[in-house]
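Before any comments, here is the structure.
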Amino acid sequence: VAMHATSSTWQNADETGPVAQALADDFVVPSAPVVASLLELGKQVVMYNGVRDGSVCNHIGNLRALLALKWSGAEAFAVADNQPWPSKDHVMGHIRGAKNLRYATVLRVGHL
């Protein structure tokens, strides 16, 4: 049992259980237009995922969602290279970016 969660039993599953039920109203609200608006306003946006995340919100799906965003830096982001992070000598993940959008993947970890 998780700390302070005495009335529910932990379930390791996406989109089921008490947490998913509590978030159901937000589940179908698309966030892509909000992210695109923030980018157009010049706000710095950083997204990240663990590459061993086997859930529905994994790093491949998140990258595809970012590539589908409609914003002024979309073309530059689409052709941006993945760079070793934090350095070529000590790779813990990869990062790509254009303008004010950065997307990082973290190696050897799952759901963040």
Side-chain angles (χ1 to χ4, degrees):
V1 174
M3 193 180 303
H4 307 295
T6 57
S7 63
S8 297
T9 302
W10 169 253
Q11 296 178 14
N12 187 14
D14 282 343
E15 302 170 20
T16 61
V19 173
Q21 290 167 353
L23 296 172
D25 289 342
D26 287 335
F27 186 74
V28 295
V29 177
S31 59
V34 175
V35 174
S37 293
L38 290 170
L39 289 167
E40 291 301 349
L41 288 170
K43 302 297 182 185
Q44 294 294 319
V45 175
V46 178
M47 304 282 225
Y48 57 91
N49 277 95
V51 298
R52 292 186 179 169
D53 184 349
S55 73
V56 69
C57 54
N58 62 60
H59 71 286
I60 297 168
N62 276 274
L63 177 58
R64 287 180 178 169
L66 292 173
L67 290 169
L69 287 177
K70 307 294 186 221
W71 66 294
S72 59
E75 289 181 28
F77 184 77
V79 298
D81 290 330
N82 287 317
Q83 300 295 323
W85 168 85
S87 71
K88 290 180 185 177
D89 297 325
H90 189 67
V91 179
M92 297 176 68
H94 295 88
I95 191 162
R96 73 188 295 163
K99 294 183 80 173
N100 48 326
L101 174 61
R102 300 289 174 270
Y103 179 62
T105 54
V106 184
L107 300 176
R108 297 177 291 284
V109 298
H111 196 79
L112 296 173

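What's counted below: heavy atoms across the whole structure, side chains too, no hydrogens, waters or symmetry copies. Positions are given from 1, in the same order as the sequence printed here.
- Side chain of S31 to backbone of V34: no donor-acceptor contact under 3.5 angstrom is found.
- Side chains of N62 and Y48: a donor-acceptor N/O pair is absent below 3.5 angstrom, by distance only.
- In this structure, CD on Q83 lies 11.0 Å from CZ on R102, to the nearest 0.5 angstrom.
- Side chain of R96 to main chain of F77: a donor-acceptor pair is present (N/O by atom type, distance under 3.5 Å, no hydrogens or angles).
- Contact check for M47 versus L66: side-chain heavy atoms found under the 4.5 Å cut-off.
- Rounding to the nearest 0.5 Å places OG1 of T105 at 12.5 Å from CZ of R52.
- Side-chain contact between V106 and N49: absent, with no pair of heavy atoms (C-beta onward) separated by less than 4.5 Å.
- The line from CG of L101 to NZ of K43 is 15.5 Å long, rounded to the nearest 0.5 Å.
- For the atom pair S87 OG and M92 CE, the distance stands at 10.0 Å (nearest 0.5 Å).
- Following chains of ILVMFWY side-chain contacts shorter than 4.5 Å, one can reach V35 starting from L67, so the two form part of one hydrophobic cluster.
- Of all the heavy atoms in P84 and V91, the pair that sits closest is CB-CG2, 3.8 Å.
- Counted by atom type alone, D53 and S55 present one or more donor-acceptor pairs between their side chains at under 3.5 Å.
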I95 and N82: CA distance, side-chain angles, deciding distance, side-chain contact (heavy atoms from CB on, under 4.5 Å) verdict
CA-CA 5 Å; I95 191 162; N82 287 317; over 6 Å; no
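- Looking only at distances, a side-chain donor or acceptor of N100 sits under 3.5 Å from a matching main-chain atom of L39.
- Closest heavy-atom contact between S72 and K99: OG-NZ, 2.9 Å.
- The structure places OH of Y103 at 12.5 Å from NE2 of H94, a figure rounded to the nearest 0.5 Å.
- Using modelled atom types, no side-chain atom of N58 and backbone atom of V51 make a donor-acceptor pair closer than 3.5 Å.
- Listed here is the closest heavy atom pair of G73 and A98: O-CB, 4.2 Å.
- The distance from the CG atom of L38 to the CH2 atom of W71 is 11.5 Å, given to the nearest 0.5 Å.
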